[in-house]
2 protein chains.
Amino acid sequence: MPPDCFRHEALGVVFQVRDKRLSVLLCQRAEPPFEGAWMLPGGLLLADERLGASAGRHLAAKADIPEIAHLEQLETRSDPVRDPRERVLATAYLALVTPGARARLPADTAWHPVDELPPCAFDHRSIIGSARERLRAKLSYTNIGFALAPETFTISQLRDTYAAALGHPVSATNLQRILTRRGVIEPTSDVTRPAASGGRPATLYRFASRELVVTNPFAAFRPRGTAGALTV
Amino acid sequence: MPPDCFRHEALGVVFQVRDKRLSVLLCQRAEPPFEGAWMLPGGLLLADERLGASAGRHLAAKADIPEIAHLEQLETRSDPVRDPRERVLATAYLALVTPGARARLPADTAWHPVDELPPCAFDHRSIIGSARERLRAKLSYTNIGFALAPETFTISQLRDTYAAALGHPVSATNLQRILTRRGVIEPTSDVTRPAASGGRPATLYRFASRELVVTNPFAAFRPRGTAGALTV
DNA sequence: ACAAGTTTTCGACCTATAGTCGATAACTAT
DNA sequence: ATAGTTATCGACTATAGGTCGAAAACTTGT
């Protein structure tokens with residue numbers, strides 16, 4: 001292999017809110033190094049393949065994930081010894097899937113709540129940390145919640161989703177007011193039938209857009225009236 | 001060259017505020033492809049070299065930039081034909097230098113205001129766009145201005161720096177109040193002698209920290225009292 | 001029916017952040 | 001002294017967002 005030439009892998013940090021907990025998809029290694037530890041799904045970049053497509057391809061192959069609601073590049077790790085065997089650069093992607101998407105998983109693959117991560121291989125634990133940071137930030141200033149929520153949902157369900165992803169309690173009142181004012185969510189004409197134990201039926205909401213939109217741009221030092229949502 | 005093996009380059013988007021305008025360092029190409037067009041400084045990654053170090057090394061070699069006040073990874077471009085000769089992955093870095101740092105530039109290298117970019121080679125124009133976006137956002141919620149401002153400065157000078165980087169007018173009153181309240185800047189005991197045409201002497205300020213600190217974290221949906229500055 | 005329990009929804013209040021504007025301070029030059 | 005210039009500061013306002021409790025709309029049990 002020529003000296004100035006490197007293998008490159010795409011890794012996916014796939015998040016899904018399962019049972020009110022933010023969880024990440026991990027594969028258990030069967031061989032050294034890091035035998036028995038868990039790793040992010042991913043694999044090598046091919047010639048003529050883009051990194052985003054490579055991440056999607058490996059996720060589809062490894063976990064048969066039907067549809068990824070959102071995929072964005074996180075960062076590239078370049079520590080020469082991050083893989084003890086040979087040098088491999090890694091570009092991590094943040095991938096979000098909605099609760100409806102039930103993937104058929106191989107035996108070595110499982111969801112793990114991010115608060116109880118098992119021992120992780122390589123630098124994957126810190127990559128998961130970066131992904132959580134990115135997700136938390138974007139939940140606050142974009143409509144990225146659409147990629148974690150089902151097609152329609154009640155405010156309570158959305159509150160649980162946000163609380164799981166943000167890692168702290170969220171007020172349903174606040175969430176409803178802020179997201180409707182920003183135009184991120186909108187009510188449908190449907191309501192749920194009341195829960196098993198009774199209670200008022202909840203109106204069903206949906207996300208106004210399923211494309212990523214920056215709805216609360218950083219506005220410091222900006223003159224009044226200059227604001228406005230930007231599509232990314 | 002093996003098939004699953006790629007060259008990789010580190011590119012630097014070096015910003016400096018010059019003459020009240022945000023400017024970027026570019027090198028003019030002497031050979032095809034894109035002969036005569038301007039490109040970002042950078043070069044190939046070496047074995048056993050990290051990407052950040054590679055970006056720094058190429059900047060030091062190409063432009064003899066004395067000190068880079070801030071360097072952070074932006075994104076990795078992987079379009080197979082972004083370089084028409086052979087496939088090269090590129091990881092872009094945002095680099096900021098203070099106005100005091102006067103680099104000795106080779107003949108083919110020059111500063112260009114970002115509002116009047118010359119024709120750019122490869123995908124470098126869009127990379128510069130990404131870098132501007134990142135800088136604008138971070139000026140609003142971090143203390144990153146330290147990397148664009150001199151050691152000490154007046155509020156008016158800082159206003160000009162922020163206005164240049166943000167691309168819109170900035171109120172000195174607002175800037176002073178917000179940045180002092182956040183603890184980003186603090187007054188020194190010195191004042192300037194008045195300007196040539198007279199006027200009240202201005203107190204000199206300095207940045208409280210020259211490490212990147214998130215001073216205005218995204219706070220939506222967070223319970224009261226949970227906030228707090230985070231070091232990155 | 002009616003009361004009690006549950007969940008949702010909404011209004012009212014309050015605080016913090018930040019944009020605007022004008023008055024005042026502190027200098028130079030004539 | 002007076003005018004011009006720049007800096008600084010307080011007051012006002014707008015808005016986003018956190019908190020709380022009341023009211024609405026159901027179910028279940030008596």
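Residues of residues 153-165 of chain A having a heavy atom closer than 4.0 Å to DNA chain D: none are found.
For B:Pro201, taking side-chain heavy atoms from C-beta onward, the closest of the listed nucleotides C:dC10, C:dT7, C:dC27 is C:dC27.
Listed by chain and residue number, B:Tyr205 satisfy the side chain to side chain contact (heavy atoms under 4.5 Å, CB included) test with B:Pro187 (two or more places apart in sequence, or in another chain).
A salt bridge links B:Arg132 to B:Asp115: at least one charged side-chain nitrogen sits closer than 4.0 Å to a carboxylate oxygen. Using a 4.0 Å cut-off between charged side-chain N and carboxylate O, B:Glu151 and B:Arg206 make no salt bridge.
In the helix from C:dA1-D:dT30 to C:dT30-D:dA1, the rotation axis of the first five pairs and that of the last five pairs differ in direction by 20°, rounded to 10 degrees.
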Pairs under 3.5 angstrom only: tabulate donor-acceptor contacts from the side chains of residues 92-101 of chain A to other protein residues two or more places apart or in another chain.
{"from": "A:Tyr93", "atom 1": "OH", "to": "A:Gly52", "atom 2": "N", "distance (Å)": "3.2"}
{"from": "A:Tyr93", "atom 1": "OH", "to": "A:Gln73", "atom 2": "NE2", "distance (Å)": "3.2"}

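Between the CG atom of B:Leu179 and the P atom of C:dG19 there is a distance of 11 Å, given to the nearest Å. Rounded to whole angstrom, the span from the CG atom of A:Leu204 across to the P atom of C:dT8 amounts to 11 Å. Summarising the geometry, the separation between OH on A:Tyr205 and P on C:dT8 is reported as 12 Å, rounded to the nearest angstrom. Distance CZ (B:Arg200) to P (C:dC27): 8 Å, rounded to an integer number of Å.
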Within the 4.0 Å limit for protein heavy atoms, which parts of nucleotides 16-22 of chain D are touched? Write it as a string from 5' to 3', B for base, S for sugar-phosphate only, - for none. SBBBB--
Does A:Glu72 form a salt bridge (charged side-chain N to carboxylate O under 4.0 Å, His left out) with A:Arg134? I'd like the steps, not just the answer. CA-CA 10 Å; A:Glu72 79 177 46; A:Arg134 176 75 67 95; 2.7 Å; yes
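Closest approach of A:Leu105 and A:Ala110 over heavy atoms only: CD1-CA, 4.0 Å.
Among residues at least two apart or in separate chains, side chain to side chain donor-acceptor pair (under 3.5 Å) pairs with a member in residues 13-22 of chain A are A:Gln16-A:Arg18, A:Lys20-A:Asp160, A:Arg21-A:Glu116.
Between the side chains of B:Thr152 and B:Thr188, no donor-acceptor pair is found at a separation under 3.5 Å. Side-chain N/O atoms of A:Ser140 and B:Arg222 include no donor and acceptor closer than 3.5 Å.
The backbone N or O of A:Leu51 lies less than 3.5 Å from a partner atom in the side chain of B:Ser78, making a donor-acceptor pair.
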